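This is a predicted model, so every value here is computed, not measured.
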Amino acid sequence: MTDFLAPVEETIAEAPPPQRGGGAVRYLLTKVGGAIMSVLMVVVLGFFLFRVMPGDPVTIMTRGRPVSGAQLDQLRAEHGFDQPILVQFWNYLVGLLHGDFGNSYAFNAPAGAIIGERLGPTLLLSGTAAVLAAALGLWLGAKTAWYRNGPLDRASTGVALVFWSIPPWWLGVVLLMIAGGVFPTGGMQSPDSPTALVPHALDVAHHMVLPVFTLVLAIYGQYQLVMRASLLEEMNSDYLTTARAKGLRDDMVRRRHALPNALLPTTTLVFLHLGMVVSGAITVEAVYSWPGLGQLTAEALEAKDLPLLQGIFIVLVIAVVIMNLVADVLLRVLDPRVRAS
Amino acid sequence: MTPVLELRDLRVTYAGGHEAVRGVDLTLRSGQTLGLAGESGCGKSSLAMSVLRLLPKDATVSGEILLDGADTRTMSWGRLRAVRWASASIVFQGAMHALNPVRRIGQQIAEPILLHATSPPDEVDARVAELLAQVELPPEKAQAYPHELSGGQKQRVMIAMALACRPRLVIADEPTTALDVIVQAQVLRLLTRLVSEHGIGLVMISHDLSVLGSVCERLAVMYEGEIVELGTAPTVVHDPQHAHTQALAAAFPTVGDPASRYAPATTNPAGLPPRVVPEAGEPLLRTESLRVDFRDRGGGWTHAVRDVNLEVGRGEIVALVGQSGSGKTTLARTVLGLQQPTSGQVLFEGRPLPRGGRALRDYRRQAQLVLQDPSSALNPRHSVYEAIAEGLRIHRMPGDERALVAAALEAAELRPAQRFMPVLPHQLSGGQRQRVVIAGALALRPRLLVADEPVASLDASVRGEILALLLRLRAELGLAALVITHDLGLAWNIADRVAVMYRGELVEVGDVEQVLLEPRHEYTRSLLAALPEVAAPA
């Protein structure tokens, strides 16, 4: 045959290999840029959203105390409420860039400091729950899909759906009534918690059992169902037949070939959802009086504490945005096809 | 000597009672090659999968499947896993999906070598490189992921993988479907060479008799689960006895055979229309030094279409032939106004293509597109009626909608029209679906059909029927057509003129007889040389 046959395949063979390094940096920068933009938009939205809420902030601050009109005016001037809204926004933005979330009315302390104090317990609670729920959900999802219509699938898929649809706070209350005697039902530590590191950690862990269990039950079902669906999607793929034809054992076919592909859509979802877990923990925290952001939100709402609410709002949003970013980057690491496009 | 593969009274039955394979006996000795031909649903793939017991759980297999004398049907799972790939391997259909998308090529080739320990672990990398060299791929491709390879390269990887454990039998299931002629020729040549060099027994499955005939010594033709004809390749191809074999052989015409010129194989009572001579005068469609450039990811330019001057006369069928990547699809998109040309212009009835608005919409009504795969071209949740009526509504065609839909179905020979209207696409056969797509186009009374590989995804017996329909539509409605294809047989079957496209340029344009029988350009010659050829019977 003539040399016309060669060129087409040759050009493909000679084409430079896809550039994995340079593209990665650009990809990361684009994604980080997008994340920053999202946070900025939320800051704008948050500021104006809280301003259109009914109620004059100064009246709220002085609730229950006798104050004169002149004192109110003075307070307004102190907090800058007499300035045009755009100036207020500018001041707020400049403050934010310096890490200043404004002063909490209710606690009479910097909102940033109060939020920072409560962030740790929330991350501990929701992080533990998320890791356990993801492990449980993905494992169950993979098993139930692989042995579809088997006993495990029949039993657990329905159960997962039930737990997913139950509101977490209701689950919390029920668990509280059932296991209240065995495990602590409120707070993060005993009043007389030991000060040494290990005993203290054990005490906290003991307090964590019920809230973590509640959160895990509330969120694992979604992971299981998504994992099950995406593995089922891969089950009829031709490359699994290839793997079987090669003589691989059934569990090797699953581990080496099916799972890496099924995990792609699931990973994205799990990380997207992780950001939401922090806000999802709010009701559970309220039930178990966990000293985290959730409880703080409830208190701030009660007191109509504007700067504090705004701060919490931004922190929760940042959590979602960061997890979104992690999901994007992780998907790129896991899926070579995303790297190419 | 024990045969490599011996099937005795093999039967495969699926849950629900469908008998896919009904009593097949076959023997293949080492180094022999056997082609298994048949249409989709004839049981050829079930037969292939049954050899390594890869059928789904709901399939019941009876009879004997002797691989090197041992029955794989009754083997223990452990023994079966040891036999898989080491004794017999499979080159799967559509290498597109048969490779794991998230693992590197090298890992996938090395996997069975490590599993069956056919090479010492420290020599596996060298073995992978050796296998890649055998299929004429550079060793760096071991680092590539499947999506970074072309279709032909993926098929080469599949072949390398199949040879990894030095099996005695290779089963190739439609190894060249979806590849274009030239790549198909390369893959077939490679397969033939490797099989004969290593003395491997080969069972090759295809719907295309000429592909099988060019590789295999013997051919078996399957129809409804049974082997209806078995003989040496030249005899089966050139002197078919069974009616079904005759239909298969006629479906893919030999370029240059006067009997199949303007005569696709059809059993439709409407028959073939009388020959129509396209009207002379101002062509319906004309492109003037058309160029389309794309900016690629590296920042360079890809010249998809370069200075193309193409004419389609009124009532004329023009075949646009070329390999994948030659720019023929971009040209078609530009002709339809779906892609803006970088320079040059498209003229319809002597007027430049409108750039937008009502005029462009009116042009699109007159130039309709028929896509390759009717299964994905139709919305699975729209009934046939909806699929056809949608275009009528968009273009606000005057007249009674129901009557127009019925007329379009009649024109596409879906009769009685009333019966097809409420039907959903998945309830139709492939050929019927393609007719629905054509009916959807016809409903708008177009002047020009642009058809992108209109029969490539259809069975051999349906192929001729659809091509005959295009000929009849031309004769009855004066419909012109620009048919994009890599199938020279199709051009020989229905086209008046052929335009050969190579790397964005039209290298040869002319009457079918002239271009295909006395090609001037070297590329046209290599296209013709790549057609699979079956030796004449001795």
Side-chain angles (χ1 to χ4, degrees), chain A residues 1-20 22-23 26 147-150 234-253 255-265 267 331-341, chain B residues 49 52 54 77 80-86 88-90 92-94 96-104 108 111-112 115-116 136-138 140-141 143-150 152-153 158 161 164-165 182-183 185-186 189 297-298 323-326 502-503 522-523 525-527 529-530:
Chain A
M1 268 178 261
T2 67
D3 53 358
F4 268 100
L5 299 189
V8 173
E9 293 272 302
E10 208 177 75
T11 43
I12 298 163
E14 281 173 0
Q19 292 180 352
R20 293 187 178 120
R26 195 195 301 167
Y147 303 103
R148 191 186 182 180
N149 291 333
E234 299 296 326
M235 291 279 279
N236 295 321
S237 301
D238 291 341
Y239 63 81
L240 292 188
T241 314
T242 311
R244 282 200 187 90
K246 281 176 177 174
L248 288 176
R249 278 198 322 273
D250 199 49
D251 62 320
M252 298 255 273
V253 174
R255 273 213 316 275
R256 275 200 204 166
H257 292 275
L259 283 183
N261 280 287
L263 272 174
L264 298 178
T267 315
L331 190 65
R332 195 184 149 91
V333 174
L334 292 177
D335 192 344
R337 285 164 298 182
V338 176
R339 257 172 269 165
S341 62
Chain B
M49 290 302 186
L52 288 181
L54 289 166
W77 278 105
L80 179 70
R81 278 201 300 271
V83 164
R84 282 178 175 178
W85 220 259
S89 61
I90 305 184
F92 283 100
Q93 175 175 8
M96 213 72 88
H97 308 292
L99 294 169
N100 189 336
V102 301
R103 307 193 70 211
R104 291 179 199 275
Q108 301 196 46
E111 190 170 36
L115 187 74
H116 297 285
E136 296 158 17
L137 285 177
E140 307 88 74
K141 289 287 173 209
Q143 297 305 313
Y145 287 99
H147 71 270
E148 294 167 349
L149 304 181
S150 69
Q153 289 175 324
M158 277 305 295
M161 203 152 90
C165 299
I182 287 188
V183 182
Q186 293 169 335
R189 207 162 27 123
R297 260 194 299 135
Q323 278 177 263
S324 27
S326 63
Y502 176 66
R503 292 186 163 188
E522 202 176 350
Y523 177 67
R525 278 186 221 129
S526 58
L527 269 184

Has the side chain of Lys246(A) got a donor or acceptor atom that lies under 3.5 Å from a matching backbone atom of Met161(B)?
no

Quick one: what part of Leu264(A) sits under 4.5 Å from any heavy atom of chain B, side chain, backbone, both or neither?
side chain

Could you check which of His116(B), Glu136(B), Arg81(B) has the highest count of heavy-atom pairs closer than 4.5 Å to chain A?
Arg81(B)

Backbone of Val338(A) reached by a side-chain donor or acceptor of His147(B) within 3.5 Å
no

Which bit of Gln108(B) comes within less than 4.5 Å of chain A, counting heavy atoms only: side chain, backbone, both or neither?
both

Heavy atoms only, distances under 4.5 angstrom: which of Cys165(B), Pro101(B), Ala164(B) has the most pairs with chain A? Name it, please.
Pro101(B)

Counting C-beta onward and ignoring hydrogens, is there a side-chain heavy-atom pair between Arg103(B) and Pro260(A) closer than 4.5 Å?
no

How far does CD of Glu234(A) sit from CG of Asn100(B), to the nearest 0.5 angstrom?
8.5 Å

Partner residues of Arg256(A) under the salt bridge (Lys or Arg N to Asp or Glu O under 4.0 Å) criterion, sequence neighbours left out:
Glu111(B)

List the residues meeting side-chain hydrogen bond (donor to acceptor under 3.5 Å, both in side chains) with Arg249(A), not counting sequence neighbours, and say none if there are none.
Asp251(A)

Assess the residue pair His257(A) and Val102(B) against the criterion (side-chain contact (heavy atoms from CB on, under 4.5 Å)); give the C-alpha distance rounded to whole Å, side-chain angles, the decisive distance to 0.1 Å, and a yes or no.
CA-CA 9 Å; His257(A) 292 275; Val102(B) 301; over 6 Å; no

Are the side chains of Thr242(A) and Phe92(B) in contact, using a 4.5 Å heavy-atom criterion?
yes

Distance-minimising heavy-atom pair for Leu115(B) and Met252(A):
CD1-CE, 4.1 Å

